[in-house]
Protein chains: 4
Amino acid sequence: MSSTAVRPLRADAARNRALVVDAARRLFAERGLDVTLHDVAEAAGVGVGTVYRRFPDKDALLGGLVADKFETLLALADRAAALPTGREALREYLLGAMALRAGDRSLSTAVLRAAPQTAEALELRARLREVVTAVVERARAEGALREGFAADDVQVVTSMIGSIADRSRAEAPDAWRRYGLLVTDAVCPPAGGLPPLVGEPLPPPTSVDCGSPRA
Amino acid sequence: MSSTAVRPLRADAARNRALVVDAARRLFAERGLDVTLHDVAEAAGVGVGTVYRRFPDKDALLGGLVADKFETLLALADRAAALPTGREALREYLLGAMALRAGDRSLSTAVLRAAPQTAEALELRARLREVVTAVVERARAEGALREGFAADDVQVVTSMIGSIADRSRAEAPDAWRRYGLLVTDAVCPPAGGLPPLVGEPLPPPTSVDCGSPRA
Amino acid sequence: MSSTAVRPLRADAARNRALVVDAARRLFAERGLDVTLHDVAEAAGVGVGTVYRRFPDKDALLGGLVADKFETLLALADRAAALPTGREALREYLLGAMALRAGDRSLSTAVLRAAPQTAEALELRARLREVVTAVVERARAEGALREGFAADDVQVVTSMIGSIADRSRAEAPDAWRRYGLLVTDAVCPPAGGLPPLVGEPLPPPTSVDCGSPRA
Amino acid sequence: MSSTAVRPLRADAARNRALVVDAARRLFAERGLDVTLHDVAEAAGVGVGTVYRRFPDKDALLGGLVADKFETLLALADRAAALPTGREALREYLLGAMALRAGDRSLSTAVLRAAPQTAEALELRARLREVVTAVVERARAEGALREGFAADDVQVVTSMIGSIADRSRAEAPDAWRRYGLLVTDAVCPPAGGLPPLVGEPLPPPTSVDCGSPRA
DNA sequence: CATGAATGAGCGTTCATTCAT
DNA sequence: AATGAATGAACGCTCATTCAT
């Protein structure tokens, strides 16, 4: 059992690794994927070499963040699955996943091109998918689901809302909720009929439409 | 009226500008935002310097593409507005705008950061907004609109769908329609009740979610 | 005929290209192949980008120098071939090639790993080889050649002497001649019998032996 | 004698030094001078810090290898000196030294820039020189030596052949012998007259000539 | 005006060397 | 004394932008 256990990092190394990950998460969340590793290193207060010591390249760093994200989503899904009805569970998960996604730009802009093919990330993803599928099927069984909606659609609609959040994060970090609810209601309407939309429309930004601005 | 009229470009200058815009549109649509201006210049058959003479920087060039887009959208809106019911008109416009947006990667990924404060673009936008508002209000008057939905929400939901299209354009250029209809139905349900979703879910790409991949 | 003719470089471009080539030749000759292209650019008084505009990468620059070298060697071989006897011709070429090689470190240290597969260089090399083969065969016909020596051995012995020259260039730029003559005499002895070696031995440098020090 | 004796290293320190030297010799011989000190440390089973404790920098480590080499050469020279004639002895030593040199890339390519001013190395070198001088003088006395050839020329011609070996080690590790014999014959011809050259010419590598390729 | 040559900061990455543990 | 984490200058190379021709 001790053979595969990685030796724990030295105290200073662990601290620096955490600094790097924190800085990376923050910068990627704020500015998307075109932050440089020099930026990350500087924000973490370490040298570039230190970043490269922990992560073989930029994608590995991004991939590392992704694994964290999966863990958070899995915890969310487990909490949601514990709710009494499928409807509540699905709405809880959808809105929760959207909120997570809305809070972190890095995981959207382009990040995961080839990135996180780590065994860890893949396994977490598989487990997450199981839980989400169960939740979706419960909602379907209750007749609470838009006909034809599938478990794999969950990540798509989440992503969609994420792109809105990326646009408005700076001025109105919660503006995405108006659209998150619109879509959640479309997938799985609330028990008591559709309420009016919350909040205000996102004003036309600068142009007819726009994905996620960078830098 | 003559006071705002900029002096018309000389014939060859205008032709060059058009060459640049055409080339830029094509390249950005094909290859996303990381084409170099040398690529654009070469594709346009002009020197880089010529591109810079017409557009102060890369962003301005991207912005320049927007004006064209507005014209197309305006034509679409006019056609939609001619339909007999507000419901039909709004659904036509929404799905049409989504389709336009889905067909052009350049205008999504990161494009319009500061973008198109040209007088031309602003005026087109204003006119477009008027037509869309009229369409939305007709739908509202018919009771065909989700309560609280506003004209300014149109560009937001269009953009949302665009981000999905960006993700899947390469493998399944029409995959966005499944979600475009989901959202359109949420905004303005079809007359005969909700049909099942069309198509198949977009498979999870590499990760939990992802905005618009680049390059 | 004009279609394949490359358009002549603009005056400034040609001047800068020449500056780059001159600087590169000088630096490579002095310091071997580990000069950086920043060094070359600085020595040439241009920006790095300019170097990269003319030569796609470092190897291309090295390759360019190689073509020049072949031309010089070819001229030498033609001159040597015009001498009355094969013995004189071969000795002239050997000592001349050694001298050229001794004067330029760049073409030795490691340069031509993969480098000069340009059509130009290959053709020059082929022509050079023909002329050298003719010279070698004339010497063989005269009985002036060490038995078994082949035309392809010429470049090897030249290279050998070059490595000596690299060692002593700084202190005694002509010290290679002692060994160049030793080897030339071994390949093709002078008409009147072996004279004593010229010059003095290269003193043991720092160590038992040493190829070509770098930097 | 005790005054120059440095305090002996502690047993473990001495063992570590030996581990480092062994690993360095092996890696440099295999892969040339661009192995990193991390590679050396890892191969030695110690930390990089330990390497630096024993050798102030990379050059010093390379220099450290030289002392070993001198010991081997000294043993070779002693064996050669025991042969009955000066001619045999000199040829034995020359070809043996060339073979040693040909077998180890590390000691050639660039290695000994500032190298081995250790007392140990200097003393070994001095003793080696004495033995070699004696061998050379015996050959001279027998009339077996090219006129003017000096003991200090031995290391030069050895080095020369080494540079050839570096070029061909990968494909034909014994190709140097053709040239080693050519040079040995030029310095000290065999008793029965010059035989034809052995082997085949080294084919022109990629270019007219080339010292010691790296990596 | 159009051209494309020139620029140089900045990219991701490496590695000799230092120093806290 | 030994370790290996940390450092940061430097590498080859790119490309948005400027400016001489």
Side-chain angles (χ1 to χ4, degrees), chain A residues 7 9-17 19-20 34-42 44-59 61, chain B residues 9-10 12-13 16 20 34-42 45-59 61, chain C residues 7 9-17 19-20 34-42 44-59 61, chain D residues 9-13 16 20 34-42 45-61:
Chain A
R7 185 212 314 227
L9 290 171
R10 244 167 55 179
D12 55 345
R15 193 196 58 236
N16 277 337
R17 187 185 203 285
L19 287 173
V20 168
D34 53 357
V35 303
T36 73
L37 291 202
H38 275 92
D39 291 339
V40 172
E42 190 176 8
V46 303
V48 256
T50 302
V51 178
Y52 277 93
R53 162 171 287 275
R54 299 290 161 221
F55 302 96
D57 60 17
K58 199 178 179 181
D59 278 352
L61 175 53
Chain B
L9 291 169
R10 265 176 34 190
D12 56 345
N16 277 340
V20 168
D34 52 359
V35 301
T36 72
L37 290 200
H38 272 93
D39 292 338
V40 172
E42 189 177 10
V46 303
V48 253
T50 304
V51 178
Y52 275 92
R53 167 164 298 277
R54 298 289 158 230
F55 302 96
D57 61 17
K58 201 177 183 180
D59 280 353
L61 172 55
Chain C
R7 183 214 316 228
L9 289 171
R10 242 167 57 179
D12 55 346
R15 193 196 59 233
N16 276 338
R17 187 185 202 285
L19 287 173
V20 167
D34 52 359
V35 303
T36 73
L37 290 203
H38 272 93
D39 291 339
V40 172
E42 190 176 7
V46 303
V48 254
T50 302
V51 179
Y52 278 95
R53 162 172 287 276
R54 298 289 160 223
F55 302 96
D57 60 17
K58 200 178 179 179
D59 279 351
L61 175 52
Chain D
L9 291 170
R10 267 175 33 187
D12 55 345
N16 276 341
V20 168
D34 54 357
V35 301
T36 73
L37 290 201
H38 272 95
D39 292 339
V40 172
E42 189 177 10
V46 303
V48 251
T50 304
V51 178
Y52 275 92
R53 168 166 297 275
R54 297 291 157 228
F55 303 97
D57 61 17
K58 201 177 183 180
D59 280 353
L61 172 55

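If you take CG of Leu61(A) and P of dT13(E), they are 11 Å apart, rounded to a whole angstrom. To the nearest angstrom, P of dA6(E) lies 11 Å from CZ of Phe55(C). Nucleotide dA5(F) holds its C1' atom 13 Å from the CG atom of Leu19(A), rounded to whole Å. As a whole-Å value, the separation of Glu42(A) CD from dC11(E) P is 11 Å.
Phosphate proximity of dT3(F) to Thr50(D): present, with a side-chain N or O under 4.0 Å from OP1 or OP2. Distances shown here put a side-chain N or O of Asn16(B) below 4.0 Å from the OP1 or OP2 atom of dA2(E). Contact annotation: Arg53(A) does not reach the phosphate of dT14(E) (side-chain N/O to OP1 or OP2, under 4.0 Å). Put simply, Arg54(B) has no side-chain N or O that comes within less than 4.0 Å of OP1 or OP2 on dC1(E).
Leu37(B) is listed as a side-chain neighbour of Leu61(B), based on a closest heavy-atom distance under 4.5 Å.
Residues that satisfy the salt bridge (Lys or Arg N to Asp or Glu O under 4.0 Å) test with Asp39(D), not counting sequence neighbours, are Arg31(D).
Listed here is the closest heavy atom pair of Ala41(D) and Val51(D): CB-CG2, 3.9 Å. For the residue pair Tyr52(C) and Asp57(C), the shortest heavy atom distance occurs at CE2-CA, 4.3 Å. Across every non-hydrogen atom of Ala44(A) and Leu19(A), the tightest pair is CB-O, 3.6 Å. The heavy-atom pair separating Val20(A) from Val40(A) by the smallest distance is O-CG1, 4.0 Å.
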Pairing of DNA chain F as dot-bracket, 5' to 3': ( ) intra-strand, [ ] crossing, | other strand, . unpaired, with Watson-Crick or G-U pairs under 3.5 Å? .||||||||||||||||||||

Which nucleotides of nucleotides 15-21 of chain F have their base under 4.0 Å from a protein heavy atom (B), which only their sugar-phosphate (S), and which neither (-), written as one string 5' to 3'? SSBB--S

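Rounded to the nearest 0.5 angstrom, Glu42(B) CD and Thr36(B) OG1 are separated by 8.5 Å.
Between Gly45(A) and Asp39(C), it is Gly45(A) whose nearest contact on DNA chain F lies nearer the 5' terminus.
The main-chain N or O of Asp34(C) is never found under 3.5 Å from a side-chain atom of Lys58(C) such that the two would form a donor-acceptor pair.
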